[in-house]
Amino acid sequence: EDIASYSTYLDFINELKSENKSKIEVDVNVDLKDDCLKFYCNNPEASSIEFNKGFNQITGESGSGKTLFLKSLFFRNEQYFNKMVILYQSSSHQFRNKCPKDLIVQYLEYDKNLFDRVYKCIELKKDKDEECDGYSGGEEQRMRIGMVLYQALILNSKVIILDEPDNGIDPPIFNKIMSNIGEEFKEYIIIFTTHKGDSLEITRNEIDIKDL
């Protein structure tokens, strides 16, 4: 369903090869435990950093390497592929003439209880079983978030990575969605970036990209 997934991986590989993408260390190594993910980079002067259960926000100026870091965290740690899920900015899906339930569940097994937990989080005010010939940008983004959350539940992952999940979503709604996720996914390690950090009321651990 996600036609951008493999192209996103190829784009990431090209970024690693680019001489202009040396702003951060991209050879990341992680140690994933039940309650935290410890990150090490190959910079001998840098200390390890822990991402704990709950929200962990990566901050920094635009173009400072936040997206590259999140993709490195996911793509360069194959041993944890079954323990991480990711929402990336270039995610591209076909939304027309599909109902929200089918879009969010995609190719995975449908579990009503798990789906209901996710659907409650994303604040999508539509009948989950009704097909729609078109959705707004904000509605599509909420379903993208729902896809990742549902994957995390059905695959029993531990880490949820969200790269700018606020795209196309108004600040009050985004704040409500993140609050919902904080309540429903409190046992997960959630690592995210956002342009709407000033409007967020959630408790989170903020980590500057310059410290990674």
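Within 6.0 Å of atom CD in Q79, more than 12 heavy atoms from other residues, nucleotides or ligands are found, so the atom counts as buried in its surroundings. The 12-atom threshold is exceeded at CG of N97, counting heavy atoms of other residues, nucleotides or ligands nearer than 6.0 Å.
Each of V30, D31, N52 was compared with L37 under the side chain to side chain contact (heavy atoms under 4.5 Å, CB included) criterion, and only V30 meets it.
Residues N82 and L155 fail the side-chain proximity criterion, which asks for heavy atoms closer than 4.5 Å. Side-chain contact check for L114 versus V118: every heavy-atom pair is 4.5 Å or farther apart. Side-chain contact check for D111 versus L153: every heavy-atom pair is 4.5 Å or farther apart. Annotation: side chain of Y188 is not in contact with side chain of L149 (no heavy-atom distance under 4.5 Å).
Relative ring orientation between F69 and F39 is described as perpendicular, the plane-to-plane angle rising above 60° on a 0-90° scale split at 30° and 60°.
Geometric assessment of K101 against the ring of F115 yields a negative cation-pi assignment under the 6.0 Å and 45° thresholds.
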request  = Could you give me the CA-CA distance, side-chain angles and deciding distance for D116 and K112, then say whether salt bridge (Lys or Arg N to Asp or Glu O under 4.0 Å) is met?
outcome  = CA-CA 6 Å; D116 288 346; K112 183 180 184 304; 2.7 Å; yes

task = Test ring pair (Phe, Tyr, Trp, His ring centres under 6.0 Å) on F74 and F81 and set out the steps.
result = CA-CA 7 Å; F74 181 77; F81 269 175; 5.4 Å; yes

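Between I169 atom CD1 and R144 atom CZ the span is 9.5 Å, to the nearest 0.5 Å.
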